[in-house]
Each structure stands twice: as C-alpha cells, then as structure tokens.
Amino acid sequence: MRFRPCIDLRGGRVVQIVGGSLHGAAAPETNFETDRAAADYARMYMADNLPGGHVIMLGPGNESAALSALSAFPGGLRVGGGIRPENARRFLNAGASHVIVTSYVFRDGRVDTDRLDRMVRIVGRDRLVLDLSCRRRGGAYLVVTELWQRFTGVEVDGPTLNWLSDFCDGFLVHGVDVEGKQTGIEDSLVELLGAESPIDVTYAGGARRLEDLDRVETLGRGRVGLTIGSALDIFGGDVPYADVVAWQRRRERPA
C-alpha cells in the first residue's frame, strides 16, 4: 500500500477539478488552481521519495508543463491524457516511468485489441498503465472515456482486470462519480480492486481525510495505492501533505 501523488493539468496550470464536470471545451468545476509550476510539485514529490504518482493532462495546452514535471522527477511519475503511439516515446524519453492510456485503446465502447497491441509494441508492457476510470451504472462499474463522459461497455471486474493485466504493468482507476468532491472513497470499488487486480493498481476519488489511507489499506488488502488530490493542503484542502508523507514513511519502516 502506497500513497501516490498527482499533478493534474488544465491549460498548462496545476488544478484540481470535479471529475464529472469535464465537458469538452467547457470549463470544468474547479476546486483549486495555482500559478505554482508543475515541476515544483514534481521536485517536492522527489524530495519526499514518493514515486509512482501521475501527471494527467486534461485537454490541450499541457504538454510543456507535463514534460517539465517529468524531467524534474526522472522515473518517478507516470503521464496520461491524450497518449497515443505517435507521442508516447516523447514522454518516456522526458523521464516518465510509464505512459497511461485510456481513450486510445477504446473504440465503439469496447477495447480495440489492435490498438492495444500497437501501444504495447511501441512502449512495452512494462511501461504501460491502463486507465480504467469508471462510473457506476446499473450496479456495475463501467469504464468511461473522452474526458470521463462516454460510457463504454467494459466493466471493471475480475475477468476484465485479469485479461488486461497481460498487456500492462498497472492500472489507474478514478472513481469518477466522487472525483474531486471529497465525499468519501467508493468503498465497493476499492474492495473490488483489492480482491481482483493481479497487478499494481492505484485508486483515486473522494478521499477527504488522512484516515482514508488506512481505510484503503484495509479494504484493498494492502494491494491498492491511493491518490489524494483536492483534500490535501497543497491543493487548498485540509489534510496536511506532511502528515501523508509521514504516514508513508511509517509504512516503510522495518517491522
């Protein structure tokens, strides 16, 4: 179980948004926005030894900020948002440990295996993370694409996680319905990921207090990483980032 930091970018600036409010060119509901450079956050995460976080580009105009963050923490961050075979190597060469892919590998509401195979050939299975961010519909968690607005027919469940694990090194799963709302994590989704994912998985969405780290550790059987965004004081929230770092350090002490 690890805390996984984040850097979300919109128009080249570090932001925190309400996930379900993304609608193409329309401005999303924003919890936080700053002039502080993305690279400053990356350097902070490196100084605090917090690898495995992600940089997410929410729409156009973010490549320069993303590349600067990756260069500031070489090998420490994953990058997603508009990643395709044509640009993936650029981000890896800039210092990304992995590229995170979602919309490119989905077409007509399903996984396009030809596209998935091509991405694996370009970047390698060991440097690919699949974004299975999802929303609940009819009792199931369905992957959503295109700025989290379009439902696919792909359910986040044991068979899907096991099948897709052959193609990638990990999963990133936002609980989109609670993303950025600080209303609590989606317990059932975390439990599902902890029970069914055979590879590394990070959950994000709804975290609102330090104790959510313990909750995810328990519900996810110690196998699900947690990202806390809007609730952290470095993004305008009430949870001290220093306390989260201290929580992680305690988990790393020898028994």
Side-chain angles (χ1 to χ4, degrees), residues 2 4 6-9 42 51-134 141-174 176 193 196-204 223-225 227:
R2 289 192 64 88
R4 300 279 173 81
C6 66
I7 302 172
D8 292 345
L9 298 170
H54 52 268
V55 181
I56 301 297
M57 298 178 287
L58 300 167
N62 294 304
E63 284 200 8
S64 178
L67 291 168
S68 68
L70 298 173
S71 298
F73 191 179
L77 293 166
R78 308 164 180 186
V79 63
I83 301 296
R84 303 173 64 85
E86 296 79 11
N87 64 9
R89 295 303 314 180
R90 182 183 182 200
F91 292 101
L92 292 173
N93 291 340
S97 66
H98 299 72
V99 291
I100 305 168
V101 179
T102 175
S103 294
Y104 174 77
V105 302
F106 287 88
R107 185 187 294 182
D108 298 327
R110 62 176 180 80
V111 176
D112 186 321
T113 54
D114 289 338
R115 286 190 171 198
L116 181 55
D117 286 339
R118 184 183 179 205
M119 186 62 74
V120 173
R121 289 196 304 270
I122 295 291
V123 305
R125 175 189 177 276
D126 61 337
R127 303 197 74 179
L128 179 62
V129 170
L130 291 179
D131 185 335
L132 301 182
S133 294
C134 55
Y141 288 103
L142 299 179
V143 174
V144 287
T145 62
E146 299 177 19
L147 296 177
W148 297 336
Q149 296 305 308
R150 182 178 180 182
F151 278 89
T152 71
V154 179
E155 184 175 351
V156 178
D157 59 11
T160 296
L161 293 167
N162 278 277
W163 169 48
L164 291 177
S165 69
D166 289 337
F167 298 92
C168 64
D169 194 46
F171 299 118
L172 172 63
V173 183
H174 287 81
V176 175
L193 296 173
E196 301 292 350
S197 180
I199 58 176
D200 179 79
V201 58
T202 297
Y203 166 84
R223 303 174 64 234
V224 180
T227 293

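Numbers here are sequence positions counted from 1. Only this structure's heavy atoms are used, side chains among them; waters, hydrogens and symmetry mates stay out.
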Specify whether H174 and W148 have parallel, tilted or perpendicular ring planes, treating 30° as the upper limit for parallel and 60° as the lower limit for perpendicular.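 Taking W148 first and then H174, their aromatic rings sit tilted (interplane angle of 30° to 60°).
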Do [X] and [Y] have side-chain heavy atoms sitting under 4.5 Å apart?
X    : Y    : value
T102 : I100 : no
L164 : L132 : yes
V143 : S133 : no
L92  : V123 : yes
M57  : V79  : yes
V154 : L142 : no
V99  : R89  : no
L161 : F171 : yes

Is there a donor-acceptor contact under 3.5 Å from the side chain of S71 to the main chain of S68?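 Pair absent, no side-chain N/O of S71 close to backbone of S68.
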Is the backbone of M119 close enough, under 3.5 Å, to the side chain of R84 for a donor and an acceptor to pair up by distance?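 The answer is no, because no donor-acceptor pair under 3.5 Å joins these two groups.
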Could you tell me if R115 sits above the aromatic ring of Y104, with its cationic atom closer than 6.0 Å to the ring centre and no more than 45 degrees from the axis?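 Ring-cation test returns yes.
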side-chain contact (heavy atoms from CB on, under 4.5 Å) between V224 and T202: does it pass, once the steps are laid out? CA-CA 6 Å; V224 180; T202 297; over 6 Å; no
Minimum heavy-atom distance between [X] and [Y], given as atom pair plus value:
X    : Y    : result
A69  : I7   : CB-CD1, 4.2 Å
A94  : L67  : CB-CD2, 3.5 Å
F167 : V120 : O-CG2, 3.4 Å
L130 : V105 : CD2-CG2, 4.4 Å
E63  : N87  : OE2-ND2, 4.4 Å
N162 : P198 : OD1-CG, 3.7 Å

Can you list the residues that meet the side-chain contact (heavy atoms from CB on, under 4.5 Å) rule with S97, with sequence neighbours excluded?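 Scan of S97 (side-chain contact (heavy atoms from CB on, under 4.5 Å), adjacent residues dropped) gives R78.
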With rounding to the nearest 0.5 Å, note down the distance linking [atom1] in [X] to [atom2] in [Y].
X    : Y    : atom1 : atom2 : result
E146 : S103 : CD    : OG    : 6.0 Å
C168 : H98  : SG    : NE2   : 9.0 Å
N62  : I56  : CG    : CD1   : 10.5 Å
L70  : L77  : CG    : CG    : 6.0 Å

side-chain contact (heavy atoms from CB on, under 4.5 Å) evaluation trace for V173 with C134: CA-CA 7 Å; V173 183; C134 55; 3.9 Å; yes
Any side-chain donor paired with an acceptor under 3.5 Å for T160 and D157?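 There is such a pair between these side chains.
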Given the rule in the side-chain contact (heavy atoms from CB on, under 4.5 Å) test, do I199 and D169 qualify, once you have shown the distances and angles that lead to the verdict? CA-CA 7 Å; I199 58 176; D169 194 46; 6.0 Å; no
CA sep, side-chain torsions, deciding dist, call: F91, I83, side-chain contact (heavy atoms from CB on, under 4.5 Å): CA-CA 9 Å; F91 292 101; I83 301 296; 3.7 Å; yes
Considering the options R2, R4, R223, which one meets the salt bridge (Lys or Arg N to Asp or Glu O under 4.0 Å) requirement together with D200?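 With D200 as partner, R2, R4, R223 yield a single salt bridge (Lys or Arg N to Asp or Glu O under 4.0 Å), made by R4.
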